[in-house]
Amino acid sequence: MKRKALFFDIDGTLLVDASKELPKSAALALTEARRAGHLVFINSGRTRCLMKDVEGKVPVDGYLCGCGTYIEAEGKALLHRKISAKRRWELQKAILECKLDGILEGPKACTVQTGVSHMDEIEHVKNVVYKNQGLASADWNTELVDFDKFCVLADENSDEEGFLKILAPDVTAIDRGHGLYECVPTGYDKATAMEVILKRYGIAREDSYAFGDSMNDLAMIRYAGNSIIMENHAKGLEPYATFITKDVEDDGIAWAFEQLHII
């Protein structure tokens with residue numbers, strides 16, 4: 001059997017969205033895949049510091065983090081795309097001046113603006129999504145934050161158009177809907193991260209498998225030789241999918257492995 005490289009989104013793909021649990025069937029399937037000689041990688045929009053709820057649960061060969069801005073394999077960093085200090089200052093101040101809010105995501109910590117946000121959604125994310133993730137805070141007007149990518153939220157009071165123009169030279173904004181943008185240095189995404197891994201291990205693109213469910217998985221779903229989406233998925237992924245599996249809580253990972261003869 002030819003060696004394959006398997007790439008997985010986390011939430012809604014490997015972990016059940018509500019509980020953040022990894023089903024036993026998925027853990028067993030990943031273990032069997034690695035035992036068969038295949039490589040398993042997390043390929044996530046999350047930065048490296050947000051891997052706590054998969055480390056120890058998911059047997060993997062490496063982490064592709066921050067939409068391709070950080071790649072780790074064999075316990076070593078293979079790539080780390082950093083935003084310059086000057087540009088980070090500009091971005092921090094632009095978020096505030098354009099009346100958006102969000103989270104600055106770095107390899108060691110994710111940072112919010114000091115104080116209570118003027119957006120209820122941001123407070124919800126801080127208190128629920130990042131509750132156990134060691135979220136930091138800083139005054140973005142006076143403290144330079146270390147971040148590789150970021151997410152911002154716009155509302156009716158935001159200068160959304162003006163902010164996107166400020167990003168345009170070197171940052172790509174992924175529209176997640178409802179005013180939410182995931183912002184990544186231009187030229188980096190989940191597909192470029194896959195390409196680095198395939199070249200390093202000499203694995204052909206047709207032997208790559210990408211598993212995802214949301215629109216921030218689009219780049220890897222389009223790039224992979226074999227693209228698997230979960231039953232509950234963003235409709236924009238469908239034109240590029242080669243297989244639709246069951247949801248993760250319905251043993252979708254194990255079922256896909258069986259149907260596609262991965263193990």
Checklist entry - Do the side-chain N and O atoms of N226 and T242 include a donor-acceptor pair separated by under 3.5 angstrom? => result no
Checklist entry - In chain order, what residues pass the side chain to side chain contact (heavy atoms under 4.5 Å, CB included) check against T172, with sequence neighbours excluded? => result T186
What pairs of donor and acceptor atoms, side-chain ones from residues 230-241 against any protein atom, are under 3.5 angstrom apart with sequence neighbours left out?
from: H233; atom 1: ND1; to: M230; atom 2: O; distance (Å): 2.7
from: H233; atom 1: ND1; to: E231; atom 2: O; distance (Å): 3.0
from: H233; atom 1: NE2; to: E238; atom 2: OE2; distance (Å): 2.6
from: K235; atom 1: NZ; to: E238; atom 2: OE2; distance (Å): 3.4

Checklist entry - Do the charged groups of D53 and R46 touch, with an N to O distance under 4.0 Å? => result yes
Item to check | Nearest atoms (heavy-atom pairs only) where L135 meets C110 | outcome: CD1-O, 3.2 Å
Checklist entry - What pairs of residues pass the ring pair (Phe, Tyr, Trp, His ring centres under 6.0 Å) test when at least one of them lies in residues 16-66, not counting sequence neighbours? => result F7-F41
Next on the checklist: I'd like to check the side chain to side chain contact (heavy atoms under 4.5 Å, CB included) partners of T142; sequence neighbours left out, ordered by chain and number.
Outcome noted: D139
Checklist entry - Does S227 have any side chain to side chain donor-acceptor pair (under 3.5 Å) partners at least two apart in sequence or in another chain, and if so, which? => result none
Checklist entry - Counting only N and O atoms by type, is there a donor-acceptor contact under 3.5 Å from the side chain of S208 to the main-chain atoms of A224? => result no
Checklist entry - With H118, which residues qualify under ring-ring contact (aromatic ring centres under 6.0 Å, His included), at least two apart? => result none
Checklist entry - With a 4.0 Å cut-off, would you call K52 and E55 a salt bridge? => result no
Item to check | ring-ring contact (aromatic ring centres under 6.0 Å, His included) partners of W89, counting only residues at least two apart | outcome: none
Checklist entry - With sequence neighbours left out, which residue pairs that include part of residues 193-223 fulfil the ring pair (Phe, Tyr, Trp, His ring centres under 6.0 Å) condition? => result F8-F211, F211-F257
Item to check | Test item: T114 side-chain N/O and S137 main-chain N/O as donor-acceptor pair under 3.5 Å | outcome: no
Checklist entry - Do L260 and T245 come close enough that some side-chain heavy atom pair is under 4.5 Å? => result no
Next on the checklist: By the side chain to side chain donor-acceptor pair (under 3.5 Å) test, which pairs, at least two apart or in different chains, include something from residues 249-263?
Outcome noted: S25-D251
Item to check | Side-chain ion pair, D170 and R87, N-O less than 4.0 Å | outcome: yes
Item to check | Residues clustering with L104 (ILVMFWY side chains joined when closer than 4.5 Å, directly or via others) | outcome: I83, L91, I95, L96, L100, W140, V145, F147, F150, V152, F163, L164, L167, V171, Y181
Checklist entry - Side chains of P185 and T69: does their closest heavy-atom pair fall under 4.5 Å? => result yes
Checklist entry - D11 side chain to D17 main-chain N or O, any donor-acceptor pair under 3.5 Å? => result no
Item to check | E105: side chain to side chain donor-acceptor pair (under 3.5 Å) partners, not counting sequence neighbours | outcome: K149
Item to check | Transitive ILVMFWY cluster of L28, excluding itself - 4.5 Å side-chain cut-off | outcome: none
